[in-house]
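Source: prediction; values computed, not measured. What you see below is based on every heavy atom in this structure, not just the backbone, and it leaves out hydrogens, waters and symmetry mates. In each ligand, atom 1 is the first atom listed, and ligand 1 is the first ligand listed.
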Amino acid sequence: MDEFIQKRARPEIFTLKPYVPGKPIDEVKREVGLDDIIKLASNENPLGPSPLAIEAVKKQLDQLHIYPDANCFYLKNKLADQLDVDVEQILIGNGSDELLKLFAETFLNPGDEIIYARPTFSEYEFVAKVMGAQCVEVPLKDFKHDLDAMLDAVTPQTKMIFICNPNNPTGTIVDASELDSFVQKVPDDILLMFDEAYYEYVQNNDYISGLSYVQAGKKAVVFRTFSKIYGLAGLRVGYAITDPSIAAAVEKVTEPFNVNALGQTAALAACDDQEHLHRSLALNEAGKQYLYKEFEALGLQYVPTDTNFIFFDTGVDCKKLFQHLLQMGVIVRTGDIFGYPTYLRVTIGSQEENERFIDSLKKALEQIR
Ligand SMILES: *Cc1c(COP(=O)(O)O)cnc(C)c1O
């Protein structure tokens, strides 16, 4: 079998690194033997989905034998309306992860180059490598995108530049004026890929969405998702906003029923729940201030965040700390996979979860030091 794979599989698949997901709650229950686990590892909304989304999904459960709408008609129209763009500019995907892959399949050939920051979301590397494209990584500067260095990395082979804004795992945004001048300088034949998975959490006046560049007619795409503030990660719905001709090209490689029926229904209902959005944002802000205060009291450096997660320096081996926290039923993310072996990334949870996390962190640090 091994020899068969070696000889017959596309060589690109041997360049792929496995995705490291947040450890699932049930897995930790089995491993640690605890029943009460909190997961602060995947930036999920501690309030859960919008009650309107739950209600809409329940109503549709007896229709599961029917294929979903291949065109996502209602959801596309709702989003076009809310974002003030044409419906032809919207693509819906099985999570924004799928959309990233569809863009790679539409545009990338072996030998093409893509540029992204290090560390950033791992999907850009993954989807590019699947297609045999070359990955050019540009280190962050002070935990932020180094746009000058990214511009310097452009070559005639560059097809896409990814800007994760705000960036995962650091939670930082790109300054609006810096982004403006960067976008003006990027050659017109390069696709600008703005990943805005945490867009709804940003309350920073220095932020500008990539949507303004799409609207200005740049070759740009904005990726957003229902997985984070909308609390629908389990149903897998993301969307992209771009030029209609780009959207039409990507549609060509899209599977007919890529977005499941319950996902479409839940996302549509969630769009109308501004109250849930505001409650989620308020809870996140309060949790952020609480965690900042506690980190400061512990003398731990953190990166100020514009998202629902915080990247912070524990001062100790993060893998060891992760294991200690796991034993106490708290799941977080380690920084080693991002090149920061003493850092953790923690999702801002409910107040109760945040307090339990801080208590466990204090205990774990005492055990290790
Ligand atoms: C969570 C996340 C996504 C993935 O979202 P899905 O819509 O669930 O696929 C995309 N980009 C970033 C930066 C994320 O953190």
Next item on the list: Verify whether one side chain among Tyr198 and Asn167 offers a donor that lies under 3.5 Å from an acceptor in the other.
Entry: no
Item checked: Sole candidate of Asp112, Leu191, Leu102, Ile114 that passes side-chain contact (heavy atoms from CB on, under 4.5 Å) when paired with Phe107 -> Leu191
Next item on the list: Write out the protein residues near ligand 1, meaning a non-hydrogen atom under 4.0 Å from one of its atoms, in order of chain and number.
Entry: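 Only Gly95, Ser96, Asp97, Phe121, Cys164, Asn168, Asp195, Ala197, Tyr198, Thr225, Ser227, Lys228, Arg236 have heavy atoms that fall under 4.0 Å of ligand 1, ordered by chain and number.
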Let me check something: any side-chain donor-acceptor pairs from residues 70-77 under 3.5 Å, sequence neighbours excluded? List them with distances.
{"residue": "Asn71", "atom": "OD1", "partner": "Lys76", "partner atom": "NZ", "Å": "3.2"}
{"residue": "Lys76", "atom": "NZ", "partner": "Glu251", "partner atom": "OE2", "Å": "3.0"}
{"residue": "Asn77", "atom": "ND2", "partner": "Phe73", "partner atom": "O", "Å": "2.8"}

Note to self: Show every salt bridge (Lys or Arg N to Asp or Glu O under 4.0 Å) that has at least one partner inside residues 49-68, sequence neighbours left out.
What the structure shows: none
Check: Should Asp36 and Arg356 count as side-chain neighbours, where that means a heavy-atom distance under 4.5 Å?
Finding: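 Yes - at least one pair of side-chain heavy atoms lies under 4.5 Å apart.
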Checklist line | All side-chain hydrogen bond (donor to acceptor under 3.5 Å, both in side chains) counterparts of Asp273, not counting sequence neighbours | finding: Ser50
